[in-house]
Amino acid sequence: NAGVTQTPKFRVLKTGQSMTLLCAQDMNHEYMYWYRQDPGMGLRLIHYSVGEGTTAKGEVPDGYNVSRLKKQNFLLGLESAAPSQTSVYFCASRLTSGYYEQYFGPGTRLTVT
Amino acid sequence: QKEVEQDPGPLSVPEGAIVSLNCTYSNSAFQYFMWYRQYSRKGPELLMYTYSSGNKEDGRFTAQVDKSSKYISLFIRDSQPSDSATYLCAMSVYSSASKIIFGSGTRLSIRP
């Protein structure tokens, strides 16, 4: 059981470049989330999904897109990266009845220069 | 005003000390109160949760919820260097559609 995995672990982009972050979970969880974590700002929700084929905006969705074509995968896309998107990105998942527990991946450290 | 407020610290205490971490919140609908622990360069992990008010103890850790004051606490007894981490409080309502709202985290360091 790998839990929640994220690919890649590190990435450096130039301003204007695009990339996709992949999150995969093997726990058959319905709900999946993408957060960014910045010093002093805590975890901020970018987008989330309540099931395969569904997505919804979170607190800070601008500049990001997501897709959930398969239940186990949740992709986060940056179409035109900006230095303000330099952050650590975490994916998380939970059961429908998991009102208090989310399982987090190890994070992706992204730097945009 | 943020829904959940948490002092970012950092907090540094000697090994063996009792540590008190706190959060305040504004949404009276919250029913689940959690503490997540995040080690450096890792994802957060659930440490403890409490449903509604009261206390919950798990080994050296005690979680307290005071809904009348909208205040939650985490106490760590006999603190160890391995407890050094960032502690995030978190809250949610009893609903399958609910999102967990996280505090910004308190960085804790236990000095040997």
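Below, chains carry the letters A, B, ... as their sequence lines are ordered, and counting in each starts from 1.
- With hydrophobic clusters built from ILVMFWY side chains whose heavy atoms lie under 4.5 angstrom apart, A:Phe90 does not share a cluster with A:Trp34.
- With a 4.5 angstrom heavy-atom cutoff, A:Gln6 does not touch chain B via any of its atoms.
- Note that OG of B:Ser92 and CD of A:Gln102 are 9.0 Å apart. Values are rounded to the nearest 0.5 Å.
- With a 4.5 angstrom heavy-atom cutoff, B:Pro44 touches chain A via backbone and side-chain atoms both.
- Residue-environment remark: CD (A:Glu79) stays at or below the threshold of 12 foreign heavy atoms within 6.0 Å.
- There is no path of hydrophobic side-chain contacts, each under 4.5 Å, that joins A:Tyr89 to A:Tyr48.
- A:Phe74 is not connected to A:Tyr31 by any chain of hydrophobic side-chain contacts under 4.5 Å among Ile, Leu, Val, Met, Phe, Trp and Tyr, and they are in different clusters.
- The residue among B:Val4, B:Leu46, B:Thr86 with the most heavy atom pairs within less than 4.5 Å of chain A is B:Leu46.
- Of the listed residues B:Phe102, B:Tyr49, B:Tyr51, the one with more heavy-atom pairs under 4.5 angstrom with chain A than any other is B:Tyr49.
- The structure places NZ of B:Lys2 at 6.0 Å from CE of A:Met41, a figure rounded to the nearest 0.5 Å.
- At a 4.5 Å heavy-atom cutoff, the contact between A:Tyr35 and chain B is made by side-chain atoms alone.
- Contacts between A:Arg44 and chain B at a heavy-atom distance below 4.5 Å are absent for every atom of the residue.
- From A:Leu45, atom CG reaches atom CD1 of B:Ile101 across 8.0 Å, with rounding to the nearest 0.5 Å.
- Remark: B:Glu45 CD is loosely packed, at most 12 non-hydrogen atoms of other residues, nucleotides or ligands lying under 6.0 Å away.
- Under the 4.5 Å side-chain contact rule for hydrophobic residues, A:Met19 and A:Val66 share a cluster.
- The closest side-chain heavy-atom distance from A:Gln37 to B:Leu88 is below 4.5 Å.
- The hydrophobic cluster containing B:Leu47 does not contain A:Tyr103, counting ILVMFWY residues as joined when their side-chain heavy atoms lie under 4.5 angstrom apart, directly or transitively.
- Listed by sequence position, B:Tyr32, B:Met34, B:Tyr36, B:Gln38, B:Arg41, B:Lys42, B:Gly43 are the residues of residues 24-43 of chain B in contact with chain A, using a 4.5 angstrom heavy-atom cutoff.
- Heavy atoms of A:Tyr100 lying under 4.5 Å from chain B belong to its backbone as well as its side chain.
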